[in-house]
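When reading the values below, keep in mind they use all heavy atoms of this one structure, side chains included, and skip hydrogens, waters and symmetry mates. Labels below follow one simple rule: chain letters A, B, ... track the order of the sequence lines, proteins then strands, and each chain is numbered from 1.
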Protein chains: 2
Amino acid sequence: MSATTSTVPAWAARVDPCDAACPSREMLDLIGDRWSLLVLLVVGRGVRRNGELKRHIGGISQKMLTQTLRALEANGLVTRHDFATVPPHVEYALTPLGMTLGDALGPLFHWIETYHGAVVQARGDYAVRQAEAA
Amino acid sequence: MSATTSTVPAWAARVDPCDAACPSREMLDLIGDRWSLLVLLVVGRGVRRNGELKRHIGGISQKMLTQTLRALEANGLVTRHDFATVPPHVEYALTPLGMTLGDALGPLFHWIETYHGAVVQARGDYAVRQAEAA
DNA sequence: CTGAATCCGCTTGGATACTG
DNA sequence: CAGTATCCAAGCGGATTCAG
């Protein structure tokens with residue numbers, strides 16, 4: 001560790017957002033929307049069919065579900081299997097690549113569980129501080 | 001591997017997106033925007049001042065930088081220290097809570113580095129498949 | 001230097017109706 | 001059941017301007 005600015009956490013040194021061409025940008029865009037992580041999660045749970053997914057992910061519209069699934073498919077994270085039957089039957093599943101992403105997301109979900117309470121409280125404290133300042 | 005649906009990855013069992021009141025929803029919303037993760041990352045790197053941050057995070061506007069910092073502050077992830085001097089001097093830093101989130105994001109950043117190439121290739125393959133189908 | 005405030009275009013995303 | 005297409009409102013977010 002050298003002197004100057006060096007106290008950089010390990011996790012912060014890995015990507016370079018300064019560079020617009022950096023993978024972090026487009027990858028962050030892919031998962032940085034309202035539904036991708038949720039869909040990834042539920043598909044990872046083994047929910048495979050369109051209707052089931054829509055019922056499981058409360059609040060998602062058909063449009064966004066399809067759109068999100070297509071994006072995930074286009075990026076090699078989920079597979080889409082159309083049985084070409086009548087009535088239609090389509091099944092989605094995670095690819096091996098998608099599963100590795102799921103694994104990488106594990107700590108994040110764990111953090112959410114663990115620290116959600118702390119965030120809520122911090123939010124309350126902040127609101128109080130704002131009120132006092134005003 | 002058992003037969004029916006039971007093969008649920010460990011990471012997929014942790015949160016319940018079905019429940020609109022589930023922490024996963026609001027937490028996912030907080031980080032699921034264009035800039036939050038980036039700002040969190042750069043602040044984690046020790047970049048503390050407004051101007052520096054804007055220069056480091058290519059493409060971010062003053063408006064979004066301030067807005068994002070305020071949101072992170074309101075959720076207890078970063079601190080804002082105003083030195084109340086002329087000219088103005090303000091410094092941002094991660095809270096301990098913010099650092100734990102950074103830690104939880106480490107595997108995700110690592111995944112991005114590791115599998116970015118695979119995603120790009122998958123994207124190419126998908127495009128080819130689309131072209132052939134058409 | 002830090003940042004608040006305004007204007008405004010573009011995208012996001014929901015509701016609905018329609019197809020196979 | 002699965003999915004597309006269209007319409008349209010809301011808000012995200014950038015550029016600019018003003019202030020302390």
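If you measure from atom CG of B/Asp33 to atom P of D/dC12, you get 9 Å, rounded to the nearest angstrom. Taking atom CD of residue B/Gln62 and atom C1' of nucleotide C/dT6, one finds them 15 Å apart after rounding to whole Å. One atom, CG of A/Leu69, and another, P of D/dC1, lie 16 Å apart when rounded to the nearest Å. When the C1' atom of D/dC12 is taken as reference, atom CZ of A/Arg34 falls 13 Å away, rounded to whole Å. Between the CG atom of A/Asn50 and the P atom of C/dT19 there is a distance of 19 Å, given to the nearest Å. One interatomic measurement links the two molecules: CZ of B/Arg55 to P of C/dC1, which rounds to 7 Å at whole-angstrom precision. Regarding A/Asp82, its CG atom lies at a distance of 11 Å from the C1' atom of D/dC1, rounded to whole Å. For the pair A/Glu91 CD and D/dA2 C1', the computed distance is 13 Å after rounding to whole Å.
Checked against C/dG3, D/dT6, C/dC1, the side chain of B/Pro87 finds its nearest nucleotide in C/dC1. With C/dG14, D/dG13, D/dA2 as the candidates, the nucleotide lying closest to the side chain of A/Met64 is C/dG14. Distances from the side chain of B/Trp35 to the nucleotides C/dG3, D/dG14, D/dG3 place D/dG14 closest. Picking from C/dG3, D/dA2, D/dT4 the nucleotide with the shortest atom distance to the side chain of A/Arg70 gives D/dT4.
In this model, the phosphate group of D/dG3 is approached by a side-chain N or O of A/Arg80 to a distance below 4.0 Å at OP1 or OP2. For the OP1/OP2 pair of D/dC1 and a distance below 4.0 Å, the side-chain nitrogens and oxygens of A/Arg49 include no atom meeting the criterion.
A/Phe109 approaches B/Trp11 most closely through the heavy-atom pair CD1-O, 3.9 Å.
Nearest-nucleotide positions on DNA chain D for A/Lys63 and A/His89 put A/His89 closer to the 5' end. If B/Gly59 and A/Pro88 are placed on DNA chain D by their nearest nucleotide, the residue sitting closer to the 5' end is A/Pro88.
Nucleic acid contact class of A/Gln67 (heavy atoms, under 4.0 Å, all strands): none. Here B/Phe83 lies out of heavy-atom contact (under 4.0 Å) with every strand.
Looking at heavy atoms from C-beta onward, A/Asp82 lies in side-chain contact with A/Arg80 at the 4.5 angstrom threshold. Inter-residue side-chain proximity for B/Val47 and B/Tyr92 is flagged as unmet; no heavy-atom pair is nearer than 4.5 Å.
A distance-only check finds a donor-acceptor pair linking the side chain of A/Arg45 to the backbone of B/Ala12 [under 3.5 Å]. Under the 3.5 Å distance criterion, the side-chain polar atoms of B/His56 are matched with a main-chain donor or acceptor of B/Glu52.
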